[in-house]
Asks: 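Quick one: structure below, then a few questions.
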Amino acid sequence: MASTAAGKQRIPKVAKVKNKAPAEVQITAEQLLREAKERELELLPPPPKQKITDAEELNDYKLKKRKGFEDNIRKNRTVISNWIKYAQWEESLKEVQRARSIYERALDVDHRNITLWLKYAEMEMKNRQVNHARNIWDRAITILPRVNQFWYKYTYMEEMLGNIAGCRQVFERWMEWEPEEQAWHSYINFELRYKEVDKSRIILNGKALVMVHPEVKNWIKYAHFEEKHGYIALARKVFERAVEFFGEEHISESLYVAFARFEEKQKEFERVRVIYKYALDRIPKQQAQELFKNYTVFEKRFGDRRGIEDVIVSKRRFQYEEEVKANPHNYDAWFDYLRLVESDTDADTVREVYERAIANTPPIQEKRHWRRYIYLWINYALYEELEVKDPERTRQVYQACLELIPHKKFTFAKIWLLYGQFEIRQKNLQNARRGLGTAIGKCPKNKLFKGYIELELQLREFDRCRKLYEKYLEFSPENCTTWIKFAELETILGDTERARAIFELAIGQPRLDMPEVLWKSYIDFEIEQEEYDNTRGLYKRLLQRTQHVKVWISYGQFELSIDSDDRIQRCRQIYEEANKSMQNCEEKEERLMLLESWRDFEDEFGSLANKERVWKLLPEKVKKRRKITAEDGSDAGWEEYYDYIFPEDAANQPNLKLLAMAKMWKKQGQKITAETVYDPDHDFFCTLIRVFYILFKKTNTTSVCFNLFISCNYSPKVL
């Protein structure tokens, strides 16, 4: 920069561009982004490392850091994270006493903060200050006894230290508060780890886990506990006590099922049969499905299996066989049949029925005929995976189904996605991607692209997501939702320039399904980035394409929302431009909507003169009549409708003048008679003649005059 003798700096002149013609080779936004990425222009060098060489520098560093921490605490004492960072820093310097002091000061500020207590105790434990840690845990559980995390960590610490008696004492104090079930189970497991079976039984029964939490599952766990340790008589007694405890009012199906299975393990088959019959007699049938199912299985195993099958299964199976023989393409009957055999027979029989069902391919290759059929394959694959747990056979079922579907005519995205999800559950990501890629290549669909992109997003493969979005947009460039999701992905990844370029490509498409949503998303994106100049440019470009009133109103609201000194003036200027551009608009309701929005704005922010100015622009609402023409061209009569007459329109000035005069006469209460109308010396007659002359001259029609007379309650006979 040049400088003068006086020392003042002088700005050099910028050379003017003489040739303003566009260059032959244009540079695109993609090229700029690619070059920036290749050259790594945005990478910043790391900050220099600070090395401390002597004790004086170390003390200065400590003083500076402590002053910074104290300043942060002084600014806002309630931010506990500042206290924790301060204490952890002191702890990192082995200044345990200082860290302890900081934690105590923080507890004076907020003694109910759980994280603070945990960090304090963990610090003491890491520094092997066991008694200090015990003191902190005692204070914590005294102040906040309902925070289970304190109790868990306290007992764990005592057990790790080998202080079994102290740990048991902590558990005893905890149980006095009657905590949740998991706390009781933790106490029981603690005693069992040290072979204290009798004490565990006391916890279950004497200290009343089953009384504090009187639920069926706890009684069952109590009985299983006794059974596991070989006390069969006590286990049976627990079940009997549970049946007596719940009685017939709160009878539970699961309790009797567990009781019967216990007796079945003890080979007491008669007792099992009595229990099932007793329960079935007292539990309603709709609530005893599981009970009946277990009873059936028991009878099949230890009773007359042929008789049970004849009574329960044979009748329904015969019915379903008759239905599928009569109509093999009745897929609902196949579903019911398969549900029956899945519940009662072995895997080979179920597979046989599935193979018979899927052999009935729909005779017509139309998707509506295949919709129910394809669920047979889905259920077959799910059965093999979930019930039989045979992944290889499940894969074969999916592949056979995909080979059967005529993909050139139609496809089912659900099958492709289920196959991909199955391969992922089998930890075979390569097969899942290969299958979904084949689906997109053979028969691309919106649902396929969405499912594949969602999969890659869950795997955090953002580069693959970008490629999939590009393929998706090549397949369906008019899909605005895809453009928006693609841009949102780039925004989340922090690449705002790439997101902006995607939006630019989107709004440049010749055909879009929801352009208004796309423009709104682009505008919202620029507002979130606080690029207000870009937002104004977008609004102007949008207004070049459409003059919709909502765009103008949104533009005005945007300018009003910006925190600037001239926001009100900018908003008023936009409303003025909108009013000028919509003067020739045929939709008068939209113009009225704009003026009403402008009026509300001026009522809140404008001066008295501005309010009066906008009020003068509001239209007059008049009732008119027009002829109705039927579909065959005949006259169907007249209908009334409301019209708006704007003061700014020059063509409507005579109409407004006539309306004003008519309302004035009506307000004065003067009766207009035939003699008054035809009196040449009367003012009304002279005015009427002048108005008729103007209307005939400008519109060359009598309909306007007729409507005006009707709206003013005048008789058409005066015409």
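Please read all numbers here as calculations on a predicted model, not as lab measurements.
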Asks: Could you check whether Glu91 pairs with Arg98 (Lys NZ or Arg NE/NH1/NH2 to Asp/Glu carboxylate O, under 4.0 Å)?
Replies: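 A salt bridge is absent here (no side-chain N lies under 4.0 Å from a carboxylate O).
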Asks: Does the pair Asp108/Arg105 count as a salt bridge with the N-to-O cut at 4.0 Å?
Replies: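 Result for this pair is no, no salt bridge flagged.
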Asks: Identify the two heavy atoms, one from Thr496 and one from Phe525, that lie closest to each other, and give their separation to 0.1 Å.
Replies: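 Heavy-atom minimum between the residues: O-CZ, 3.6 Å.
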Asks: Report yes if the side chains of Glu526 and Asp524 come closer than 4.5 Å at any heavy-atom pair, otherwise no.
Replies: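 Counting from C-beta outward, Glu526 and Asp524 never come under 4.5 Å.
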Asks: If you define the side chain from C-beta out and look only at heavy atoms, does anything of Asn148 sit under 4.5 Å from Glu180?
Replies: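 Asn148 vs Glu180: side chains touch.
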Asks: Applying side-chain contact (heavy atoms from CB on, under 4.5 Å), run through Leu457 and Leu489 and close with a yes or a no.
Replies: CA-CA 9 Å; Leu457 278 176; Leu489 172 64; 3.7 Å; yes
Asks: Any side-chain heavy atom of Arg570 sitting closer than 4.5 Å to one from Arg536?
Replies: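 Yes, side chains in contact.
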Asks: Applying salt bridge (Lys or Arg N to Asp or Glu O under 4.0 Å), run through Arg425 and Glu385 and close with a yes or a no.
Replies: CA-CA 10 Å; Arg425 287 194 293 272; Glu385 181 186 1; 2.7 Å; yes
Asks: Report yes if the side chains of Ser521 and Phe503 come closer than 4.5 Å at any heavy-atom pair, otherwise no.
Replies: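 Yes. Closest side-chain heavy atoms under 4.5 Å.
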Asks: Considering all heavy atoms of both residues, which atom of Gly556 and which atom of Cys571 are nearest to each other, and what is their separation?
Replies: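 The pair with the smallest heavy-atom distance is O-SG, 3.3 Å.
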Asks: Are more than 12 heavy atoms, taken from residues, nucleotides or ligands other than Lys520, located less than 6.0 Å from that residue's NZ atom?
Replies: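 It does not: Lys520 NZ has 12 such atoms or fewer within range.
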Asks: Is there a donor-acceptor pair under 3.5 Å between the side chain of Asp110 and the backbone N or O of Thr78?
Replies: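 No; judged by distance alone, with no hydrogens or angles, the pair does not exist.
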Asks: Hey, is the main chain of Thr411 close enough, under 3.5 Å, to the side chain of Lys367 for a donor-acceptor pair?
Replies: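 Checking the backbone N and O of Thr411 against the side chain of Lys367, a donor-acceptor pair under 3.5 Å is found.
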Asks: Pick from Lys485, Arg466, Arg500: which one makes a salt bridge (Lys or Arg N to Asp or Glu O under 4.0 Å) with Glu490?
Replies: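 The passing option is Arg466.
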Asks: Looking at Tyr156, I want to see if its OH is surrounded by more than 12 non-hydrogen atoms of other residues, nucleotides or ligands under 6.0 Å.
Replies: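 Counting neighbours around OH of Tyr156, 12 or fewer heavy atoms of other residues, nucleotides or ligands fall under 6.0 Å, so no.
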Asks: Might you point out which heavy atoms bring Tyr452 and Leu417 nearest each other, and give the distance in Å?
Replies: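 Nearest pair, atom of Tyr452 first, then Leu417: N-CD2, 4.3 Å.
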Asks: Minimum heavy-atom separation for Glu57 to Lys51, with atom names?
Replies: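 Shortest heavy-atom contact: OE1-O, 3.7 Å.
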Asks: Any side-chain heavy atom of Met125 sitting closer than 4.5 Å to one from Trp137?
Replies: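 Yes, close enough: below the 4.5 Å cut-off.
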Asks: Check Thr491 against Ala499 and note the closest heavy-atom contact, atom names and distance.
Replies: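 Minimum heavy-atom contact is OG1-CB, 3.5 Å.
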Asks: Do Thr535 side-chain atoms and Glu531 backbone N/O form a donor-acceptor pair below 3.5 Å?
Replies: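 Checking the backbone N and O of Glu531 against the side chain of Thr535, a donor-acceptor pair under 3.5 Å is found.
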Asks: Quick one: CD1 on Ile374 to CD1 on Ile405, what's the gap to the nearest 0.5 Å?
Replies: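 It comes to 3.5 Å.
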Asks: In terms of side-chain geometry, is the basic nitrogen of Lys67 or Asp71 positioned less than 4.0 Å from the acidic oxygen of its partner?
Replies: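 Counted as a salt bridge, because a side-chain N and a carboxylate O are separated by less than 4.0 Å.
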Asks: With distance as the sole test, does Trp83 use its side chain to make a donor-acceptor pair with the main-chain N or O of Leu116 at under 3.5 Å?
Replies: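 Such a contact is absent between Trp83 side chain and Leu116 backbone.
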Asks: Side chains of Asn72 and Tyr86: any donor to acceptor distance under 3.5 Å?
Replies: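 No, no side-chain donor-acceptor pair sits under 3.5 Å.
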Asks: Tyr398 and Glu423: side-chain donor and acceptor closer than 3.5 Å?
Replies: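 Result is no, nothing qualifies.
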Asks: Under 3.5 Å, is there a donor-acceptor pair between the side chain of His407 and the main chain of Ala439?
Replies: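 No, His407 side chain to Ala439 backbone: no donor-acceptor pair under 3.5 Å.
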Asks: Students often mix this up, so state it plainly: with edges at 30° and 60°, are the rings of Tyr472 and Phe475 parallel, tilted or perpendicular?
Replies: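 Rings of Tyr472 and Phe475: parallel, as their planes differ by under 30°.
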Asks: Give the minimum heavy-atom separation between Leu436 and Trp416, together with the two atoms involved.
Replies: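 Heavy-atom minimum between the residues: CD2-O, 3.7 Å.
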Asks: Within 45° of the ring axis of Phe412 and under 6.0 Å from its six-membered ring centre, is that where the NZ or CZ of Lys445 lies?
Replies: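 Relative to the ring axis of Phe412, which defines the angle, Lys445 lies outside at least one limit.
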Asks: Under a 4.5 Å cut-off applied to non-hydrogen side-chain atoms, are Leu459 and Leu429 in contact?
Replies: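 SC-SC contact between Leu459 and Leu429 confirmed.
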Asks: Are Glu456 and Lys450 close enough for a salt bridge, meaning some N to O gap below 4.0 Å?
Replies: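 Salt bridge: no.
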Asks: Ring-plane angle category for Phe69 and Trp89, please: parallel below 30°, perpendicular beyond 60°, tilted otherwise.
Replies: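 Geometry flag for Trp89 against Phe69: tilted rings.
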Asks: Do Arg66 and Glu90 meet the salt-bridge criterion of a basic N to acidic O distance under 4.0 Å?
Replies: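 Judged by the 4.0 Å cut-off on N to carboxylate O distance, Glu90 and Arg66 do form a salt bridge.
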Asks: Would a 4.5 Å heavy-atom cut-off, applied to side chains only, mark Ile507 and Arg541 as touching?
Replies: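 Yes. Closest side-chain heavy atoms under 4.5 Å.
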Asks: Just how far is it from atom CH2 of Trp483 to atom CG of Asp513, taken to the nearest 0.5 Å?
Replies: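 Answer rounded to 0.5 Å: 12.0 Å.
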Asks: Could you check if a side-chain atom of Glu30 sits within less than 4.5 angstrom of a side-chain atom of Glu35, using non-hydrogen atoms only?
Replies: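 No, their side chains stay 4.5 Å or more apart.
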Asks: Donor-acceptor check, side chain of Asn113 to backbone of Thr115, threshold 3.5 angstrom: yes or no?
Replies: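 Flag set: sc Asn113 to bb Thr115 pair under 3.5 Å.
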